[in-house]
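Report on the following structure.
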2 protein chains.
Amino acid sequence: MPPFDVPEGDPFGPHNLPYGVFSLPGSSHRTVGVRLGDHVLDAGAAAHALGSPYASLLARPTLNPLLAAGRTAWSDVRRALTAWVTVPSHRETVAPLFHPLSSVELHLPFEVADYVDFYASENHARNVGQIFRPDAEDSLTPNWKHLPIGYHGRSGTVVVSGTEIARPSGQRKAPTDSAPVFGPSVRLDIEAEVGFVVGVPSRMGAPVALGDFREHVFGLCLLNDWSARDVQAWEYVPLGPFLGKSFATSVSAWITPLDALEEALVAPPARTHELLPYLDDSDEEPGGYDLRISVAVNGHVVSEPPFSTMYWTAAQQLAHMTVNGASLRTGDLYGSGTVSGPAEHERGSLLELTWNGREPLELPDGKRTFLEDGDVVTLSAWAPGPHGVRVGLGEVTGRVVQG
Amino acid sequence: MPPFDVPEGDPFGPHNLPYGVFSLPGSSHRTVGVRLGDHVLDAGAAAHALGSPYASLLARPTLNPLLAAGRTAWSDVRRALTAWVTVPSHRETVAPLFHPLSSVELHLPFEVADYVDFYASENHARNVGQIFRPDAEDSLTPNWKHLPIGYHGRSGTVVVSGTEIARPSGQRKAPTDSAPVFGPSVRLDIEAEVGFVVGVPSRMGAPVALGDFREHVFGLCLLNDWSARDVQAWEYVPLGPFLGKSFATSVSAWITPLDALEEALVAPPARTHELLPYLDDSDEEPGGYDLRISVAVNGHVVSEPPFSTMYWTAAQQLAHMTVNGASLRTGDLYGSGTVSGPAEHERGSLLELTWNGREPLELPDGKRTFLEDGDVVTLSAWAPGPHGVRVGLGEVTGRVVQG
């Protein structure tokens with residue numbers, strides 16, 4: 001009986017159960033949905049129908065109340081949801097509360113508080129270093145192996161998967177130009193990333209230790225940190241990226257809870273430098289996640305970045321972000337930074353894939369250095385799950401349109 | 001009859017009327033207050049008592065509803081408030097709704113959406129360039145005269161004046177150190193800035209033109225962008241400031257509406273470079289503000305930065321921030337960047353005042369390079385108002401405590 005009979009091996013089976021926010025056609029009513037196969041369960045309605053105390057967390061227009069509720073509630077709600085979609089006696093009650101995925105509109109699943117973006121892939125950082133500082137002795141900056149480099153981005157322009165991305169305009173200046181020119185970016189790029197969603201806040205002055213990562217972080221999503229390389233190159237010295245990034249950041253409509261990713265935990269790469277105690281995870285549980293990402297342009301896969309190669313873990317990023325006493329809020333989002341593996345076909349940006357435009361990609365519809373108007377970029381991913389079944393991450397997609 | 005009989009020439013007379021949010025002792029009820037002399041008017045209660053339609057904007061726990069209401073409403077509300085505090089027939093009704101300033105608790109007056117910080121003082125940028133890049137041909141980076149350099153900061157750690165500032169810990173590495181060390185910052189600094197508060201949002205993809213500044217920006221405040229120079233120096237290449245700034249940013253409890261600052265408008269410094277059309281303000285109304293800032297450490301004035309010397313205006317910053325299509329939200333806050341005038345006693349940071357610690361300040365309680373635990377930093381300011389009366393800006397103060 002659909003929607004319950006999800007095919008065996010479906011990456012969105014009952015072992016996954018990611019959370020999103022949806023509305024039905026013609027309605028402005030947003031509420032929390034949980035994905036099962038190619039259906040969405042109205043989770044708040046199910047909670048009401050089954051007399052669950054979690055209706056107050058689920059019959060809401062954003063995930064923020066659930067995010068704020070904390071790990072015990074997260075586990076309890078997940079256990080309840082698992083029962084609702086698997087225990088036969090609930091079927092009659094729950095069945096009418098499913099909607100085909102294709103029939104609903106998906107929304108930004110949570111209100112973004114602060115958005116931080118990191119730079120945690122050694123392969124990515126080395127590629128960028130070699131491209132922009134070819135004569136440097138070391139392709140990494142001196143601080144790179146000592147701290148997870150990050151910066152704040154614009155939370156007001158985080159948008160849900162499917163949102164069209166208008167090509168940004170801005171200043172750019174080639175070395176040969178005598179003055180900057182203004183116009184639509186001619187080097188519009190992607191950055192394939194994973195985003196981590198903070199649920200439980202922390203107080204100012206109270207750093208979050210490595211081991212407390214799971215008490216604060218609810219889950220993860222895919223994230224495309226659209227980047228105008230020409231704008232960024234001209235503006236970023238000395239205070240970092242600004243308009244080259246702030247026009248849009250896309251996130252997947254589905255937030256995968258960390259609890260669905262137990263089998264995906266892996267040790268991060270061996271550390272080459274001794275770490276200060278607040279970042280030293282040598283005695284911690286494995287902090288990496290084995291997520292296999294796929295980057296497609298107009299349906300053609302151009303890259304398969306492996307998240308397991310990230311040097312800095314999400315727990316280290318959280319510990320670093322708060323070690324100065326900065327507080328966390330429910331809805332804080334932080335991106336991993338571009339995910340690039342060691343191989344050429346594992347690079348998470350066109351900057352790297354085309355080596356700054358010098359080696360165009362051959363796509364079925366022609367050569368590509370950076371993105372053209374009309375291009376659709378889709379990031380998808382899966383992780384190892386229980387009994388060899390994959391855990392699917394919700395895709396993040398966006399079409400570039402004329403700005 | 002106090003509170004109406006504000007002394008002539010009081011910088012918080014009826015020509016000013018800044019907005020804040022207050023609560024009374026023992027109460028958690030927050031509501032909008034308007035300052036008159038050394039009293040606070042419960043503006044929502046006054047609106048109710050006088051049957052004003054603006055009660056829905058004023059009887060609220062934050063300024064956000066008023067901010068979102070737009071320029072016509074801002075003018076109407078200000079006109080109404082002016083009448084309530086000046087027309088004798090209202091006195092009997094309004095008098096009981098005033099509270100002595102010393103008896104109320106002041107709160108963060110608005111919910112901060114995105115926080116951006118600029119770098120708009122040429123004197124400051126040149127000082128920093130000379131301190132950190134003494135051998136550079138030009139103390140400004142090549143982009144400086146072409147665009148207002150800015151970056152996003154952490155909105156979750158914007159705090160109201162009076163909040164204690166815990167000294168942040170972090171990584172630092174002197175050039176002579178072989179590896180970074182961790183500990184409390186030993187170079188804790190201030191940055192005297194002016195913050196601009198966005199009221200009316202804008203759509204993604206719709207840049208805000210220079211001439212639309214006053215349609216979007218409600219008012220301004222004083223802002224202290226506390227900075228851990230040692231943390232910042234080690235972390236900021238290549239993606240800009242992060243933990244060196246994100247531990248705390250203090251804003252004044254009072255937001256001065258732009259409508260109170262008509263007489264303070266001045267032309268910005270002559271432009272030395274031709275500007276791209278979206279930044280070219282040569283045909284616009286004067287976009288600078290003549291604000292006379294004072295920086296005191298433990299009550300001793302150490303600097304008097306003149307805001308009129310800022311190269312980039314707030315209108316240019318807004319136009320730049322949105323020219324890539326980035327949207328605005330109600331509650332967006334952007335800082336001017338450190339305000340430094342050309343003279344030594346006009347520098348807005350200890351970094352500059354002590355030339356990176358090499359020339360300590362002589363305070364009554366001893367020498368100072370950077371801040372010590374217990375130091376109280378207070379920024380205050382005034383602007384020319386009508387008939388030669390000053391418009392006072394609310395002060396922003398903070399005591400440094402052990403982290």
Side-chain angles (χ1 to χ4, degrees), chain A residues 113-117 119 128 141-143 146-147 149-157 159 163 166-171 173 179-182 185 204-205 207 228 231 234-244 246-248 273-274 276-278 320-321 323-329 332 403, chain B residues 113-117 119 128 141-143 146-147 149-157 159 163 166-171 173 179-182 185 204-205 207 228 231 234-244 246-248 273-274 276-278 320-321 323-329 332 403:
Chain A
D114 272 301
Y115 165 49
V116 164
D117 197 26
Y119 189 54
V128 170
T141 53
N143 52 8
H146 296 282
L147 53 81
I149 293 173
Y151 65 99
H152 284 86
R154 191 164 187 83
S155 53
T157 51
V159 297
T163 305
R167 181 180 297 274
S169 286
Q171 294 193 24
K173 182 180 170 299
V181 297
F182 180 85
S185 169
M204 271 179 87
V231 175
W234 170 233
E235 76 179 355
Y236 90 106
V237 174
L239 298 182
F242 185 33
L243 299 190
S246 66
F247 55 97
H273 288 58
E274 194 177 350
L276 285 162
Y278 78 96
H320 184 63
M321 185 159 51
V323 77
N324 67 346
S327 49
L328 298 173
R329 291 182 294 173
D332 280 350
Chain B
D114 272 301
Y115 166 49
V116 164
D117 197 26
Y119 189 53
V128 170
T141 52
N143 52 8
H146 296 282
L147 53 80
I149 293 173
Y151 66 99
H152 284 86
R154 191 164 188 82
S155 52
T157 51
V159 297
T163 305
R167 181 180 296 273
S169 286
Q171 294 193 23
K173 182 181 170 297
V181 297
F182 181 84
S185 169
M204 270 180 87
V231 174
W234 171 232
E235 75 178 357
Y236 90 106
V237 174
L239 298 181
F242 185 32
L243 299 190
S246 66
F247 56 97
H273 289 58
E274 194 176 349
L276 285 162
Y278 79 96
H320 185 62
M321 184 160 52
V323 78
N324 67 346
S327 49
L328 299 173
R329 291 182 293 173
D332 281 350

Closest approach of [X] to [Y] (non-hydrogen atoms, all atoms of both residues):
X	Y	result
Ala326(B)	Ser246(A)	CB-O, 3.6 Å
Ile149(B)	Pro238(A)	CD1-CD, 4.0 Å
Trp234(A)	Pro142(B)	CH2-O, 3.5 Å
Phe247(A)	Met204(B)	O-CE, 3.0 Å

Quick check on the interface: out of [options], who has the most heavy-atom pairs with chain B under 4.5 Å?
options	answer
Ala166(A), Pro168(A), Pro180(A)	Pro180(A)
Val181(A), Thr157(A), Leu147(A)	Leu147(A)
Pro207(A), Gly205(A), Gly153(A), Gly170(A)	Gly153(A)
Met321(A), Lys173(A), His320(A)	His320(A)
Ala113(A), Ser155(A), Ala228(A)	Ser155(A)

Compute the centroid of each ring, for Tyr278(B) and then for Phe182(A), and state whether the two points are separated by less than 6.0 Å. yes
Heavy-atom contact with chain A under 4.5 Å, split by part of [X]:
X	value
Asp332(B)	side chain
Ala248(B)	both
Val128(B)	neither
His273(B)	neither
Leu276(B)	side chain
Val159(B)	side chain

**Any donor-acceptor pair under 3.5 Å from Arg154(B) side chain to Ser327(A) backbone** = yes
What do you reckon, is OH of Tyr236(B) surrounded by more than 12 foreign heavy atoms closer than 6.0 Å? no
Would you check, one step at a time, whether the test side-chain contact (heavy atoms from CB on, under 4.5 Å) holds for Phe242(A) with Asn324(B)?
CA-CA 10 Å; Phe242(A) 185 33; Asn324(B) 67 346; over 6 Å; no
Sorted by chain and residue number, the side-chain hydrogen bond (donor to acceptor under 3.5 Å, both in side chains) partners of Thr141(B) (sequence neighbours excluded) come out as Asn143(B)
Taken in chain and number order and not counting sequence neighbours, the residues that satisfy salt bridge (Lys or Arg N to Asp or Glu O under 4.0 Å) with Asp114(A) are Arg329(A)
